[in-house]
Amino acid sequence: MINLMEQAKSQITQLINEGIEKAVAEGQLPQVQIVDITVEVPREKQHGDFATNIAMQITKQAKKAPRMIAETLINHMNLTDTYVEKVEIAGPGFINFYFKKEWLYGVITAIEQEGTEYGKVNIGNGEKVMVEFVSANPTGPMHMGNARGGALGDCLASVLEWAGYDVTREFYINDAGNQIEKFGKSLEARYIQLLKGEDAFEFPEDGYHGDDIKERMQEFIAGEGDKYLEISSEERKDAFVAYALQKNIDKLKEELELYGITYDVWFKESTLYENNEVQETIDYLKEKGYTYEKEGAIWLEASKLGAEKDEVLVRNNGIPTYFTADIAYHRNKFVKRGFDRVIDIWGADHHGHVARMKGAMEAIGCNPDKLEIIIMQLVRLLRNGEVARMSKRTGKSVTLRDLLDETGTDAARFLFNMRQAGSHLDFDLDVAVAQSDENPVFYVQYAHARICSILRKLEEEGVEVQSVNKINLARLETEEEIALLKKLVQLPEEIAIAALTLEPSKITRYILDLAALFHSFYNACRVKVDDKELMMARLKLVDSIRIVMKNVLNMLKVSVPEKM
RNA sequence: GCGCCUGUAGCUCAGCUGGAUAGAGCAACUGCCUUCUAAGCAGUGGGCCAGGAGUUCGAAUCUCUUCAGGCGCGCCA
């Protein structure tokens, strides 16, 4: 994998280290302790391609003015055999590096060589990491929170794959415990009501009122009739749950598939009970002395593990809580399946769960730092500039399905990843469906389509993209072309940063920037010009942009139209 | 009351783990199609980075604090 950014930075680091060594050897600097040399790309391009603040950082140790230190260092740098063209001191003591154009042109070669792989980095070293996301309750339809979580989780998983991790996408099915109990009761009530009238059976107070429950039972009756009126409540609830749950899970799968999400594992909570892992977990915690009994329940001393207060593990009716199952689940992820890292994506309404979950990890002997929980802030849906809680079509709260029907997968996936997980997100339906400059998805896709159009036009005239060794890249010298080359160089690093910070939103912003630079270029420079050499160079540049855009959009699973 | 998140242009948000003159996109205004897709581009205006204190060569960024908003604090999940 070629990472020009990395190469450049390591060259600079080496130059500085050599500079310091020599200066120290010659007595021009005292012995200094360097923790980390930061090399960054300055915001202002007149400050060069790279800059370092090392001179300012060692001011105290060196007991000299930063600009003096900078000068000393520069005097001891040997620039031969490097890409560095020029070094300058600037401002309070920055050292600015100007790179030769050859370095920048190298990106075209890199893209040609790596093609669909360009942008990949290996910071993960094949580490096994799980991303668990959505995990919506199978008792009803998915909501806007699930929609955001889906886009975030799936794109994050992709980013991690591109960064060299071995990623598993997982959906946790809550098919056990209290809510399934409620689910069963609700189904039973609807079944009897449908066959014998509304008044024949009282609907449970805390039951699920959604229409989907009724629908399930209508389907069930259509197939099986009324024979379940005769059997025991226990038996028929089990039968209803088994039927409706499978139906609901199939529907979840289908809708997520439509959303571009395919999971590697659908993990059922019930298997934790079947395989005795919940009990194993409880026994383990007991053994380690983290539990006590109070009022007939078994408690976890979570307060001693960093949480706010203690938590019930097993209710006084003998049934373990959701929390206990979740501990067993995470124990399964780490201990039974050997994941190096586990990333959970939760809605902000679950943030109270974080501290006790981390505490529980410690209690079961897993490193809590290996469990990373992304807390995603809630989504506000806007329509006509106003908060829209209800779907236009159904009058009920807006589901993932409604959203996809209205805006399509591309817009939803892209727009949900425009914001960082931690920031509250306003999802504007009018923007999502707008086919204009307001809509960032179209803006990016349009750039790609424009490029394809150029390629088509020239191909019709018999002009094709040539391999890099036949092209005089030095002809790429306008401001717009240089800016584009620099942006292309950045992709591997952007992916690395997105993976490290767990923020796929960096990538959507990257691709928006690239599209903007392309559109500027398009208006400032023509590809199809009489100067053949220039045309071939620009054609190659444009084709390289196309490859990068396609790579990134494929990664995000946003479609890449060649015509619009 | 306690805890988590957020506060940057009229609106929606970036700001790359502390850098140089705080940036985009919408919205407003002015221009740009006989030449590769105007779903585009160029330009103009717009800011007490919520307030205050601290840390240091240097703070939108880190710490503390006040204020405002969101969310949570169950033998629910």
Side-chain angles (χ1 to χ4, degrees), chain A residues 38 40-44 46-47 51-53 55-57 59-60 65-66 90-94 96 135 137 139 174 177-179 182 206 269 294-299 307-309 311-317 319-323 325-326 347-355 375-378 380 382 385 418-426 428 431 434-440 442-443 445-447 449-458 461 490 493-494 497-498 500-501 503 505-506 509 512-513 515-516 518-529 535 538-539 542 563-564:
Chain A
T38 56
E40 55 184 15
V41 179
R43 201 166 29 216
E44 305 289 328
Q46 65 261 35
H47 293 138
T52 177
N53 58 355
M56 277 117 85
Q57 282 184 328
T59 305
K60 265 196 177 161
F94 289 101
N96 295 340
S135 298
N137 283 331
T139 50
N174 301 121
N178 245 336
Q179 59 177 12
K182 275 198 283 182
D206 56 351
E269 181 183 356
K294 195 177 84 181
E295 292 160 15
I298 299 173
W299 291 71
E308 278 178 63
K309 53 193 172 62
E311 296 291 333
V312 172
L313 287 176
V314 183
R315 288 179 267 251
N316 60 13
N317 62 8
I319 299 171
T321 61
Y322 167 85
F323 180 47
D326 216 12
D349 52 341
H350 284 64
H351 76 251
H353 199 47
V354 175
I375 293 298
M376 186 184 65
Q377 295 302 310
L378 301 176
R380 230 174 23 158
L382 300 179
M418 293 255 305
R419 303 278 168 265
Q420 298 180 352
S423 58
H424 301 257
L425 186 143
D426 287 342
D428 194 326
V431 166
Q435 308 216 343
S436 73
D437 52 1
E438 274 183 79
N439 189 339
F442 276 84
Y443 185 80
Q445 291 176 327
Y446 182 52
R450 260 185 157 176
I451 294 173
C452 292
S453 173
I454 296 173
L455 295 172
R456 270 196 306 271
K457 270 265 155 47
L458 286 170
E461 297 178 21
Q490 278 168 9
E493 180 154 287
E494 292 287 346
I497 292 171
L500 288 172
T501 56
E503 284 288 1
S505 62
K506 306 236 189 248
R509 249 175 279 124
L512 267 169
D513 286 350
F518 168 74
H519 286 308
S520 290
F521 162 82
Y522 184 86
N523 277 271
C525 314
R526 287 185 56 82
V527 175
K528 198 178 148 191
V529 286
M535 177 171 76
R538 284 185 173 166
L539 184 59
V542 153
K563 271 185 193 169
M564 285 174 77

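None of these values were measured; they are calculated from a predicted model. Each chain gets a letter, A, B and so on, in the order its sequence line appears, and its residues count up from 1.
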Using OP1 and OP2 only, check whether a side-chain N or O of [X] sits under 4.0 Å from [N].
X        : N     : value
A:Tyr322 : B:C75 : no
A:Thr321 : B:G74 : no
A:Arg419 : B:U12 : no
A:Arg315 : B:A77 : yes
A:Asn178 : B:C76 : yes
A:Arg509 : B:C13 : no
A:Tyr443 : B:C41 : yes
A:Lys457 : B:U37 : yes
A:Thr38  : B:G19 : no
A:Lys60  : B:C57 : yes

- Query: Dot-bracket for RNA chain B: what is it, with Watson-Crick or G-U pairs under 3.5 Å, [ ] where a pair crosses earlier ones, and | for a pair to another strand?
  - Reply: (((((((..((((.....[...)))).(((((.......))))).....(((((..]....))))))))))))....
- Could you classify B:U12 for me, syn or anti, using a glycosidic angle within 90° of 0 as syn?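 Anti for B:U12; the angle lies over 90° from 0.
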- Task: Just label B:C71 as syn or anti from its O4'-C1'-N9-C4 or O4'-C1'-N1-C2 angle, using within 90° of 0 for syn.
- Result: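 Base orientation relative to the sugar is anti.
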- Task: Please name all residues satisfying side-chain contact (heavy atoms from CB on, under 4.5 Å) with A:Phe323, sequence neighbours left out, ordered by chain then number.
- Result: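 Only A:Leu300, A:Glu311, A:Leu313, A:Thr321, A:Ile327, A:His353, A:Arg356, A:Met357, A:Ala360 meet the side-chain contact (heavy atoms from CB on, under 4.5 Å) criterion with A:Phe323.
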Whole Å only: how far is the [atom1] atom of [X] from the [atom2] atom of [N]?
X        : N     : atom1 : atom2 : answer
A:Asn96  : B:G19 : CG    : P     : 15 Å
A:Asn53  : B:C57 : CG    : C1'   : 11 Å
A:Glu311 : B:G74 : CD    : C1'   : 9 Å
A:Glu269 : B:C76 : CD    : P     : 14 Å
A:Leu455 : B:C36 : CG    : P     : 15 Å
A:Asn439 : B:A38 : CG    : P     : 18 Å
A:Leu382 : B:U12 : CG    : C1'   : 10 Å
A:Asn523 : B:C33 : CG    : C1'   : 10 Å

How far does [atom1] of [X] sit from [atom2] of [Y], to the nearest 0.5 angstrom?
X        : Y        : atom1 : atom2 : result
A:Gln490 : A:Ile497 : CD    : CD1   : 8.5 Å
A:Lys506 : A:Glu494 : NZ    : CD    : 8.0 Å
A:Met376 : A:His424 : CE    : NE2   : 12.0 Å
A:Phe521 : A:Arg450 : CZ    : CZ    : 11.0 Å
A:Ser423 : A:Gln377 : OG    : CD    : 8.0 Å

With heavy atoms under 4.0 Å as the rule, sort [X] into base, sugar-phosphate or nothing.
X        : value
A:Ala447 : nothing
A:Val41  : base
A:Ile497 : sugar-phosphate
A:Gln46  : base
A:Gln420 : sugar-phosphate
A:Cys525 : base
A:Ala90  : base
A:Thr59  : nothing
A:Asn137 : sugar-phosphate

Heavy atoms, side chains only, cut-off 4.5 Å: are [X] and [Y] in contact?
X        : Y        : result
A:Lys182 : A:Asp206 : yes
A:Thr52  : A:Phe94  : no
A:Ile451 : A:Tyr522 : no

- Message: Among residues at least two apart in sequence or on other chains, which ones pass side chain to side chain donor-acceptor pair (under 3.5 Å) with A:Lys528?
- Response: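 For A:Lys528, the residues satisfying side chain to side chain donor-acceptor pair (under 3.5 Å) (neighbours in sequence not counted) are A:Glu461.
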- Quick one: side chain to side chain donor-acceptor pair (under 3.5 Å) partners of A:Gln445, sequence neighbours excluded?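 By the side chain to side chain donor-acceptor pair (under 3.5 Å) rule, A:Gln445 matches A:Asp410, A:Ser559.
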[X] side chain, from C-beta outward: closest of [options]:
X        : options             : result
A:Val527 : B:G40, B:C75, B:C36 : B:C36
A:Arg526 : B:G15, B:C36, B:A77 : B:C36
A:Arg456 : B:A20, B:C36, B:U37 : B:U37

- Hey, which of these two, A:Asp513 or A:Asp426, hits RNA chain B nearer its 5' end, going by closest nucleotide?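 Going by which nucleotide is closer to the 5' end, it is A:Asp426.
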- If you pin A:Glu295 and A:Gly422 to their nearest nucleotides in RNA chain B, which one's is more 5'?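 The residue closer to the strand's 5' end, by nearest nucleotide, is A:Gly422.
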List every contact pair, protein side and nucleotides 68-73 of chain B side both N or O, where the distance is under 3.5 Å.
residue	atom	partner	partner atom	Å
B:C71	O2'	A:Ala348	O	3.3

- Task: Please answer whether the main-chain N or O of A:Thr139 pairs with a side-chain N or O of A:Asn137 as donor and acceptor at a distance below 3.5 Å.
- Result: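 Here the side-chain-to-backbone pair does not exist.
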[N] and [M]: how far apart are their [atom1] atoms, nearest whole angstrom?
N     : M     : atom1 : value
B:A77 : B:C16 : C1'   : 38 Å
B:G58 : B:U21 : C1'   : 15 Å
B:A39 : B:G47 : C1'   : 31 Å
B:C11 : B:A28 : P     : 15 Å
B:A53 : B:G10 : C1'   : 31 Å
B:C49 : B:C4  : C1'   : 23 Å

- Task: Output all residues satisfying ring-ring contact (aromatic ring centres under 6.0 Å, His included) with A:His519, sequence neighbours left out; order by chain, then residue number.
- Result: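 A:His519: ring-ring contact (aromatic ring centres under 6.0 Å, His included) contacts with A:Tyr443, A:Tyr446.
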- Query: Under the criteria of a ring-centre distance below 5.5 Å and an interplanar angle below 30°, is A:Phe94 stacked with the base of B:A20?
  - Reply: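 Given the distance and angle limits, yes, they stack.
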- Query: Given the rule in the side-chain contact (heavy atoms from CB on, under 4.5 Å) test, do A:Met535 and A:Leu458 qualify, once you have shown the distances and angles that lead to the verdict?
  - Reply: CA-CA 10 Å; A:Met535 177 171 76; A:Leu458 286 170; 4.0 Å; yes
